[in-house]
Amino acid sequence: MEAPGEKPALGPVLSEAVIGEVLFRLPPDQPACLFRAAAVCQAWRTFFTSPDMLRIYRNHHMAPPVLGFLQNTGRSDDPFPRFVTTAAPSPPLHHQPEFECVYSLALDCRHGRVLLHTTFPLGLIVWSPVTGDHQLLPEEPIQLDPPQPPYSDFAGAVLCAVDGCYHLDCPPQGPFRVLFAATSYEDVDVVSTWAILYSSETGAWTEPSTVHPGAVMNSPDVMSIMGPSLLVGDALYFTLDLLNNRTVLTYDLVGGALTVMDPPPLVRRDAFLVTGEGGGLGVAAVEGYSLRLWSWEAAGRWALRRVIDLEMSIPFTIGAPITQLKVIGFAEMSGTIFVSANCIISTVQLRSGRVRKFSKTPNSDTIFPFEIFYTLGGIKSSSFWCKVFYIKLEVSSAAEGR
């Protein structure tokens, strides 16, 4: 029994090695776990916000988690894409930029940034959902409203430009690059696709690189988005719907050349670019109730590499006339394919082939996964955000306990 005035005995102090084991077991796709652990005591908070430990934590998990996705709604009354967070409770992310426009479309989401195409005013915006900062790019790619010559299909890509960055913790204020590509009608029967590259370090666009892939599916008066881009090494790939197939275009980030590849051996308009075998270029598409994965080989041809059965893994009614099973997204860093079946999104991990339910959303042809490590050490005023998020956790826990 303690004597009067005597302090109670403290429990054993955990070593940093033990605390580190706790840290490494916290799931990165649930940032709330990290915040809860940091709220245990000041020692844990200091340990979990250490730049060295957070670097080890990110390297341990190898790829940033998907914390949500962006989805173009197509609604004229909503000027920005819908940002759906999947972590519960959601970390304090910004769901739209503080920018006024009549309408905007998400073109790409990579390395913690989002690329938006806006109308009225017409332009491109690079936006960070973590910090809320946005940057309106110069007008060179879209000089007139409407542009001349008009374009019917366009695409964009944004990527970190920090030298030597492994893209596990890209600095929000660091340099970046943006690719913008579009299909223009030079004449009634002459169609060209061009691409230009912007650098935040120079503040300028490159001269356009142009190819003539053939007649496109859309007419000149219909504007639509090409398929989402895929970054493989020093090249960006994106798809373009021609009259007879969906082909693949390649932009060399080093040489600045735009080229046309042989189309995948799938006469389908829902073929989706993914990382292929060995980290190269790949294509995924659903045929029947199977996910088929093709890879581009060094010999210059496509080869079927994997077939993943979805029949027993994804919730849907087999044979139902309204069933729509299709690939709608891909997360490059984590190697995750997103498959939609009647408004229910499931994920397929390329490494393991594991399939699990991810989210429910209105029907969509494309989503843009948002991949990032949301850690205390990477947030401004981490002490403040820890308190804010901890309050959200308490409210969430109380609601669950009712």
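By convention here, the first residue in the shown sequence is residue 1.
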J.: Would you check if the side chain of S128 reaches a backbone N or O of T131 as a donor-acceptor pair within less than 3.5 Å?
T.: yes

J.: Could you tell me whether F24 atom CZ has more than 12 heavy atoms of other residues or ligands within 6.0 Å of it?
T.: yes

J.: Taking the ring of W302 and the ring of W296, is the distance between their centroids below 6.0 Å?
T.: yes

J.: To the nearest 0.5 Å, tell me how far F120 CZ sits from L122 CG.
T.: 8.0 Å

J.: Could you tell me whether a side-chain N or O of H111 sits under 3.5 Å from a main-chain N or O of H167, the two making a donor and an acceptor?
T.: no

J.: Is a side-chain donor or acceptor of T206 paired with a backbone partner of I196 at a separation under 3.5 angstrom?
T.: no

J.: Given the rule in the salt bridge (Lys or Arg N to Asp or Glu O under 4.0 Å) test, do K326 and D365 qualify, once you have shown the distances and angles that lead to the verdict?
T.: CA-CA 8 Å; K326 57 186 176 182; D365 291 328; 2.6 Å; yes

J.: Can you tell me how far apart CG (L26) and NE2 (H60) are? Round to the nearest 0.5 Å.
T.: 10.0 Å

J.: May I ask you to decide if V348's main-chain N or O and T336's side chain share a donor-acceptor pair within less than 3.5 Å?
T.: no

J.: Run the side chain to side chain contact (heavy atoms under 4.5 Å, CB included) test on T210 and T193 for me, step by step, so that the C-alpha distance in whole Å, both residues' side-chain angles and the decisive distance to 0.1 Å come before the verdict.
T.: CA-CA 6 Å; T210 305; T193 300; over 6 Å; no

J.: Is there a donor-acceptor pair closer than 3.5 Å between any side-chain N or O of T239 and the backbone N or O of G227?
T.: yes

J.: Identify the heavy atoms of G279 and V232 that sit nearest to each other, and give their distance.
T.: O-CG1, 3.4 Å

J.: Sub-3.5 Å donor-acceptor pair from the side chain of S50 to the main-chain atoms of F47, do we have one?
T.: no

J.: Using the side-chain contact (heavy atoms from CB on, under 4.5 Å) rule, pick out the option among D29, L34, L67 that qualifies with Y374.
T.: L67

J.: Out of the candidates W127, F83, F69, only one should pair with F370 under the ring-ring contact (aromatic ring centres under 6.0 Å, His included) rule; please name it.
T.: F83

J.: Measure the shortest side-chain to side-chain distance between T250 and D252 over non-hydrogen atoms and say whether it is less than 4.5 angstrom.
T.: no

J.: In sequence, state the C-alpha distance, the side-chain angles, and the governing distance for F80 and F99, and then conclude on ring pair (Phe, Tyr, Trp, His ring centres under 6.0 Å).
T.: CA-CA 10 Å; F80 292 102; F99 181 82; 7.3 Å; no

J.: Indicate yes or no: at least one non-hydrogen side-chain atom of D108 is less than 4.5 angstrom from one of R113.
T.: no

J.: What closest approach, in Å, do F238 and A181 show between heavy atoms, and which atom pair accounts for it?
T.: CZ-CB, 3.5 Å

J.: Could you tell me the separation between the OG1 atom of T275 and the CZ atom of R351, rounded to the nearest 0.5 Å?
T.: 9.5 Å

J.: Measure across V162 and P175 and return the closest heavy-atom pair with its distance rounded to 0.1 Å.
T.: CG2-CD, 3.7 Å

J.: Could you tell me whether the side chain of M226 reaches within less than 4.5 Å of the side chain of L107, counting heavy atoms only?
T.: no

J.: If only atom types and distance count, is the side chain of S199 paired as donor or acceptor with the main-chain N or O of E201 below 3.5 Å?
T.: yes

J.: Evaluate the side-chain proximity of H94 to D133: yes if any heavy-atom separation is below 4.5 Å, no if none is.
T.: no

J.: May I have the step-by-step check of salt bridge (Lys or Arg N to Asp or Glu O under 4.0 Å) for R305 and E277, ending in yes or no?
T.: CA-CA 8 Å; R305 289 301 184 187; E277 291 288 327; 6.0 Å; no

J.: Tell me, with the steps shown, if F330 and L350 meet side chain to side chain contact (heavy atoms under 4.5 Å, CB included).
T.: CA-CA 10 Å; F330 179 66; L350 284 181; 3.7 Å; yes

J.: Side chains of I308 and S290: does their closest heavy-atom pair fall under 4.5 Å?
T.: no

J.: Atom OG in S200, atom OH in Y198: separation rounded to 0.5 Å?
T.: 6.0 Å

J.: If you compare all heavy atoms of P138 against all heavy atoms of G203, which two are closest, and at what distance to 0.1 Å?
T.: CG-O, 3.9 Å

J.: Closest heavy-atom contact between R45 and T49?
T.: O-OG1, 2.8 Å

J.: Take Q349 and R354, measure what side-chain hydrogen bond (donor to acceptor under 3.5 Å, both in side chains) needs, and give me the verdict at the end.
T.: CA-CA 5 Å; Q349 283 283 346; R354 178 189 175 195; over 6 Å; no

J.: To the closest 0.5 Å, what do you measure between CG (L197) and CZ (R177)?
T.: 6.0 Å

J.: Start with the C-alpha gap between V130 and I372, add the side-chain angles, then the distance that decides, and say whether side chain to side chain contact (heavy atoms under 4.5 Å, CB included) holds.
T.: CA-CA 9 Å; V130 174; I372 195 171; 3.4 Å; yes

J.: Say you draw a straight line from CD1 of I56 to CG of L23; how long is it, rounded to the nearest 0.5 Å?
T.: 9.0 Å

J.: Quick check: do D169 and R55 have side-chain heavy atoms less than 4.5 Å from each other?
T.: no

J.: Output yes when a side-chain donor or acceptor of T118 lies under 3.5 Å from a complementary backbone atom of C101, and no otherwise.
T.: no

J.: Only one of N72, T73, L70 clears side-chain contact (heavy atoms from CB on, under 4.5 Å) with R82; which?
T.: T73

J.: Indicate yes or no: at least one non-hydrogen side-chain atom of F272 is less than 4.5 angstrom from one of I337.
T.: no

J.: Quick one, F338 and V66 - any side-chain contact, counting heavy atoms below 4.5 Å?
T.: yes

J.: Is a side-chain N or O of R25 found less than 3.5 angstrom from the main chain of E21, in a donor-acceptor match?
T.: yes

J.: Per the side-chain contact (heavy atoms from CB on, under 4.5 Å) rule, which among L231, L258, L236 passes with L179?
T.: L236

J.: Does any donor atom in the side chain of E371 or S334 lie under 3.5 Å from an acceptor atom in the other side chain?
T.: yes

J.: Quick one: closest heavy-atom pair of A157 and R110, and the distance?
T.: CB-NH1, 3.9 Å

J.: Dump the intermediate steps for side chain to side chain contact (heavy atoms under 4.5 Å, CB included) on L136 and L124, then the final yes or no.
T.: CA-CA 6 Å; L136 180 63; L124 296 170; over 6 Å; no

